Amino acid sequence: MKKILFIALAAILALSVGLVGCGGTEGEGEGETVWNYTITLHMHSTAMIYTSLFKSVYQPWIWEVGNDTGPDGGKFVFNVTFGEGLYTPETSLDAISAGTADLGQISGDVFDLGGIGYLPWFFPNMSSTAYSTHILLTENWDAQGELDDIKVLITSPLQPNQWFGNVNVTELANFTTPVQLDVRAETAEVPTIEALGANAIPGISTGDLANALNLSTVDGCFFTYSGALAFGIKDVTSYTTEVNLYPRLYILGMNKAIYDALPADAKTLLDSHCTPTISAGYARAHELAQTGAKMGVGLSRIYVLPTPELNNWKAACANVSSDWATEMDGLGYNGTGILDRALELISATPL
């Protein structure tokens, strides 16, 4: 397991307050009328401390919650660990459901509703993604009960994906002419990549992607600007085309039993920092953080797809969302209802 990293807030508060674990001691927990002590929560982020997701979303949230105080003086402190030693993105839902950590980053890839984050050009921006998915995940759309053991705190989409490759893709035909391109694909990306005309290549992990690109195992991939810097994708590719394909979904979730056991005032304080509008605000900040990452990639290298050509890409992918809804129907969900509700919420996004 990777070395535990402590957020500075925890160290500061530890000097003045006796830290009490969330498991609690006698007299603590649900139903208390007085919350006047510090509760320490173990939070795990598979995204490392230097990533844009942690710096722009999780770290500010930790500080906001940690600097707040309940009516009788109660406070939260977060003991934060990083990386894939405790759990991986692929095991994140099971780990938080089991209480491996009190709360943590959960990948949208591991629950069915998270697939909405892969629908091409469905969400106009990151704040609408965060706002609408926050509400969707807390309404009654989870037909399989995959999130029954999770308290959704905030939704935290990644920055939108752009083309990074060793083939210069400036129009749709470049995916098939003169040869069909091999494009690395997460499982949920396959329908979109195939709709664009490319050959989707699954099974290449993020950690192995730079090497696969360097060895020409694949011709390119769709990745975020920040991720392209963090994982060396920029260094082994020659071309970048900005298409804002989709903002993959992550959430910060808490073990439901641990949340339910909190004192009433502690839950109230936590809930006040976990609204759809707050999720949208953090997502907006994360989106703005792309500016620095784009400069790191190199503005002169980035080709922004013109609107007429982008419309060709969108037309090629026109059935991806409806096909996803049909697939969700087959799994027992109301796929069309989910998309219709998401569109309502996108229109109502306050940011």
Side-chain angles (χ1 to χ4, degrees), residues 1-7 10 19-26 28-31 38-49 51 53-54 57-58 61-62 65-66 76-117 133-134 136-158 186-188 205-207 248-263 266-267 270-271 273-274 279 331-333:
M1 177 175 169
K2 297 182 185 294
K3 183 178 178 181
I4 294 178
L5 302 176
F6 293 91
I7 293 301
L19 300 185
V20 181
C22 188
T25 59
E26 185 176 357
E28 296 173 7
E30 189 175 12
T38 296
I39 295 173
T40 303
L41 296 174
H42 176 198
M43 173 179 163
H44 186 70
S45 172
T46 54
M48 299 302 287
I49 195 169
T51 60
L53 177 60
F54 189 82
V57 181
Y58 296 149
W61 182 86
I62 289 166
V65 178
F76 284 108
V77 167
F78 296 92
N79 169 10
V80 185
T81 57
F82 298 89
E84 298 188 0
L86 185 64
Y87 65 74
T88 67
E90 292 76 19
T91 61
S92 54
L93 179 61
D94 289 341
I96 299 300
S97 296
T100 302
D102 299 321
L103 67 152
Q105 181 185 354
I106 300 174
S107 170
D109 292 359
V110 296
F111 57 92
D112 294 333
L113 287 172
I116 198 171
T133 56
H134 190 128
L136 281 171
L137 296 181
T138 52
E139 291 183 335
N140 296 319
W141 299 103
D142 185 16
Q144 299 298 329
E146 292 181 306
L147 300 176
D148 282 354
D149 296 324
I150 300 296
K151 164 70 174 178
V152 175
L153 300 176
I154 57 174
T155 46
S156 48
L158 298 185
E186 299 281 355
T187 300
S205 69
T206 299
R248 290 178 54 192
L249 184 62
Y250 280 87
I251 66 173
L252 184 63
M254 186 170 184
N255 178 275
K256 186 65 164 53
I258 291 173
Y259 170 83
D260 288 341
L262 292 172
K267 286 190 280 192
L270 196 59
D271 289 349
H273 293 279
C274 299
S279 285
L331 295 173
Y333 298 83

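On a predicted model such as this, the values are computed, not experimentally measured, just so you know. In this chain, numbering begins with 1 at the start of the sequence shown.
Not counting sequence neighbours, Glu90 has no partner by the salt bridge (charged side-chain N to carboxylate O under 4.0 Å, His left out) test. Considering only residues two or more places apart in sequence or on other chains, Asp109 meets the side-chain hydrogen bond (donor to acceptor under 3.5 Å, both in side chains) condition with Tyr118, Arg248. Shown here are the side chain to side chain contact (heavy atoms under 4.5 Å, CB included) partners of Thr100, two or more places apart in sequence or in another chain: Leu86, Ala95, Ala98. With sequence neighbours excluded, no residue forms a side-chain hydrogen bond (donor to acceptor under 3.5 Å, both in side chains) with Thr51. Partners of Trp141 under the side-chain hydrogen bond (donor to acceptor under 3.5 Å, both in side chains) rule, at least two apart in sequence or in another chain, are Glu139. Applying the ring pair (Phe, Tyr, Trp, His ring centres under 6.0 Å) criterion to Tyr87, with sequence neighbours excluded, gives His44. Every residue two or more places apart in sequence or in another chain was checked for a side-chain hydrogen bond (donor to acceptor under 3.5 Å, both in side chains) with Ser92, and none qualifies.
Of the N and O atoms on the side chains of Ser45 and Gln105, at least one donor lies less than 3.5 Å from an acceptor on the other residue.
With Gln144 contributing its side chain and Asp112 its backbone, the two residues share no donor-acceptor pair below 3.5 Å.
Residue pairs satisfying the salt bridge (Lys or Arg N to Asp or Glu O under 4.0 Å) criterion with at least one member in residues 145-158, sequence neighbours excluded, are listed as follows: Lys151-Asp271.
Note: Cys274 SG to Lys267 NZ = 13.5 Å, rounded to the nearest 0.5 Å. Ile251 contributes atom CD1, which lies 8.0 Å from atom OG of Ser156 (distance to the nearest 0.5 angstrom). Atom OH in Tyr333 sits 5.0 Å away from atom CG in Asp142 (nearest 0.5 Å). For the atom pair His273 NE2 and Ser279 OG, the distance stands at 13.0 Å (nearest 0.5 Å).
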Q: Would you sort out whether Tyr250 and Val57 count as a side-chain contact (heavy atoms from CB on, under 4.5 Å), showing the intermediate values?
A: CA-CA 11 Å; Tyr250 280 87; Val57 181; over 6 Å; no
Q.
Working note: Leu262 + Leu270, criterion side-chain contact (heavy atoms from CB on, under 4.5 Å); need CA distance, chi angles, decisive distance, verdict.
A. CA-CA 10 Å; Leu262 292 172; Leu270 196 59; 4.2 Å; yes
Q) Does the side-chain contact (heavy atoms from CB on, under 4.5 Å) test come out yes or no for Thr88 and Thr46, once each step is laid out? A) CA-CA 6 Å; Thr88 67; Thr46 54; 5.6 Å; no
**Q.** Trace of the side-chain contact (heavy atoms from CB on, under 4.5 Å) decision for Leu93 with Leu147
**A.** CA-CA 8 Å; Leu93 179 61; Leu147 300 176; 3.8 Å; yes
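Considering only heavy atoms from C-beta on, Met254 stays 4.5 Å or farther from Ile96 through its side chain. The closest side-chain heavy-atom distance from Leu103 to Leu41 is below 4.5 Å. A heavy-atom distance below 4.5 Å is found between the side chains of Phe111 and Leu137. Side-chain contact between Val152 and Lys256 is absent, with no heavy atoms from C-beta onward closer than 4.5 Å. Residues Ile116 and Leu136 are in side-chain contact: their nearest non-hydrogen atoms beyond the backbone lie under 4.5 Å apart.
Closest non-hydrogen pair, Phe54 versus Ile49, comes out as CD2-O, 3.6 Å. Here the closest non-hydrogen pair linking Ser107 and Pro89 is CB-O, 3.6 Å.
Taking the centre of each ring, Trp61 and Phe78 come in below the 6.0 Å mark.
Under the side chain to side chain donor-acceptor pair (under 3.5 Å) test applied with His42, the options Asn255, Asn79, Thr81 reduce to a single match, Thr81.
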